[in-house]
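What's counted below: heavy atoms across the whole structure, side chains too, no hydrogens, waters or symmetry copies. Being a predicted model, the structure only gives us computed values, none of them experimental.
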Amino acid sequence: MVIEKNHGMKNCMLILLSCLAWGVGNAQQPTIAADPEQNLRTLGNLTPYSAGALGFDNRYEGIEGTPLLFDNWRTGSILFVKQDTFGAPLKINVDLITQVIMVQLQNGSIGEISGAYVQAIKVVEPGRSQSRKYIVAREGDIEGMRSVRPKFYEALHQGEFTFLKSVQKKFEKANYTGAYSPDKRSDSFRTDIVYWLQTPGNKPEKVALKRKDIEKVMPNYLEAIKRIAKEQKLGFAREAGIEQLLEFLEAYDR
């Protein structure tokens with residue numbers, strides 16, 4: 001009987017200790033609040049966000065524009081160096097920052113071809129009956145600088161006269177820090193267009209789509225330009241007007 005009594009007392013003590021331990025542990029648990037944000041502060045140790053080492057700034061708005069010549073893939077063909085015929089049609093684009101042709105491959109991947117291996121490309125432009133032709137020339141040969149970089153130029157006219165169009169892309173970084181910043185919150189690719197006109201025996205010269213610019217580059221053709229512009233009612237503010245002028249100059253007996 002003494003043994004049973006002692007055993008009963010031990011059981012009571014164990015139950016009492018368990019109750020005390022549960023009470024202490026339960027007292028240490030955080031109270032679940034009705035406010036979700038309060039729960040985040042209590043349960044998750046919520047503190048103000050800090051960018052830390054990454055330096056991320058949520059004012060940054062990404063990248064505007066593209067380094068590519070075309071907004072979408074175009075069907076085109078390539079005339080390689082030492083070849084005299086254009087290849088089979090491909091889906092292509094041109095990266096104007098690196099001056100490489102991007103090619104959509106059959107397996108869905110994208111390859112690139114340096115302009116150094118290319119003479120020209122022809123590109124089918126939606127809404128146009130004729131393909132657009134882009135030649136590859138050394139930058140220094142066209143623009144009069146010390147550069148042998150191959151560069152793509154659209155050949156608006158090639159004959160006795162050469163009329164080229166250069167679409168240029170310039171990368172501009174975001175700038176919104178500092179007291180006097182312009183608050184430019186996105187990186188961007190700026191597009192600039194430059195025209196080059198070459199007359200027989202001369203180097204290409206930079207021109208704008210203005211009559212005075214054309215006449216300045218072509219002082220030996222002033223009378224012919226005046227006559228053609230009047231007869232054909234040509235405008236000089238559009239590429240097509242300059243193209244037509246050059247075609248008529250080549251056809252007319254000056």
In short, Ala155 meets Ile135 closest at the heavy-atom pair CB-CG2, 4.2 Å
Taking every heavy atom of Val167 against every heavy atom of Leu96, the minimum-distance pair comes out as O-CD1, 3.3 Å
Between Gly159 and Thr162, the two heavy atoms sitting closest are O-OG1, 4.5 Å
Around atom CZ of Arg138, are there more than 12 heavy atoms of other residues, nucleotides or ligands at under 6.0 Å?
-> no
Is there side-chain contact between Val94 and Met102, with at least one heavy-atom pair below 4.5 Å?
-> no
Decide, yes or no, whether a salt bridge links Glu143 with Lys151 under the criterion of side-chain N to carboxylate O below 4.0 Å.
-> yes
Can you establish whether the number of heavy atoms outside Arg149 located under 6.0 Å from its atom CZ is more than 12?
-> yes
Within a radius of less than 6.0 Å around CG of Asp192, do more than 12 heavy atoms belonging to other residues, nucleotides or ligands occur?
-> yes
Approximate separation, where rounding is to 0.5 Å, of Ile78 CD1 and Ile92 CD1 = 5.5 Å
Are the side chains of Gln158 and Lys133 in touch, meaning some heavy atoms are under 4.5 Å apart?
-> yes
With side-chain contact (heavy atoms from CB on, under 4.5 Å) as the test, would you mind laying out the steps for Glu239 and His157 before giving the verdict?
-> CA-CA 10 Å; Glu239 296 171 4; His157 179 84; over 6 Å; no
Value rounded to 0.5 Å, distance of CZ in Phe161 from CG in Leu249 | 5.0 Å
Are Ile121 and Leu164 grouped together when hydrophobic residues (ILVMFWY) are joined by side-chain heavy atoms under 4.5 angstrom apart?
-> no
Less than 4.5 Å apart, any side-chain heavy atom of Asn93 and any of Ile110?
-> no
Under a 4.5 Å cut-off applied to non-hydrogen side-chain atoms, are Lys165 and Arg132 in contact?
-> yes
Flag if over 12 foreign heavy atoms under 6.0 Å of CD, Gln130 | no
Can Val123 be reached from Phe80 by stepping across I, L, V, M, F, W or Y side chains whose heavy atoms are under 4.5 Å apart?
-> yes
Going from OG1 on Thr98 to NZ on Lys169, what distance comes out if it is rounded to the nearest 0.5 angstrom?
-> 13.0 Å
Nearest heavy-atom neighbours spanning Leu79 and Asp84 = CD1-C, 3.8 Å
Look only at the side chain of Gln119 and the backbone of Gln83, and say whether a donor-acceptor pair between them is shorter than 3.5 Å.
-> yes
Under 3.5 Å, is there a donor-acceptor pair between the side chain of Gln232 and the main chain of Leu245?
-> no
Which of parallel (below 30°), tilted (30 to 60°) and perpendicular (above 60°) describes Phe70 and Tyr134?
-> perpendicular
What do the steps show when you test Ile242 against Tyr195 for side-chain contact (heavy atoms from CB on, under 4.5 Å), and what is the final call?
-> CA-CA 11 Å; Ile242 310 300; Tyr195 297 95; over 6 Å; no
Hydrophobic cluster identity match, Leu105 and Ile113, side-chain contacts under 4.5 Å | yes
Could you tell me which non-hydrogen atom of Pro150 sits nearest to which non-hydrogen atom of Gly115, and how far apart they are?
-> CB-C, 3.9 Å
Check whether any side-chain N or O of Glu160 sits under 3.5 Å from a backbone N or O of Pro200 as a donor-acceptor pair, and report yes or no.
-> no
Drop me the distance from Lys203's NZ to Ile142's CD1, to the nearest 0.5 angstrom.
-> 11.5 Å
What distance separates Glu139 CD from Ser147 OG, expressed to the nearest 0.5 Å?
-> 4.0 Å
hydrophobic_cluster_shared for Leu90 and Val100, side chain cutoff 4.5 Å = no
Are any non-hydrogen side-chain atoms of Asp95 and Glu112 less than 4.5 angstrom apart?
-> no
Residues Val207 and Trp196: closest non-hydrogen pair is CG2-N, 4.5 Å
Do Leu197 and Leu246 touch side chain to side chain, with heavy atoms closer than 4.5 Å?
-> yes
Out of curiosity, Glu125 CD to Thr75 OG1, how far, rounded to the nearest 0.5 Å?
-> 11.0 Å
Count the heavy atoms belonging to other residues, nucleotides or ligands that lie under 6.0 Å from CD of Gln168, then report whether that count exceeds 12.
-> yes
Identify whether Leu209 and Tyr221 are in the same connected component of the hydrophobic contact network (ILVMFWY, side-chain heavy atoms under 4.5 Å).
-> yes
Is it true that Asp213 and Lys210 have a side-chain N and a carboxylate O under 4.0 angstrom from each other?
-> no
Ignoring hydrogens and angles, tell me if any N or O in the side chain of Gln198 forms a donor-acceptor pair with the backbone of Asn202 under 3.5 Å.
-> yes
Below 4.5 Å, heavy atoms only, C-beta onward: do Tyr117 and Ile101 meet side chain to side chain?
-> no
Given side chains that start at C-beta, do those of Ile225 and Phe236 come closer than 4.5 Å, heavy atoms only?
-> yes
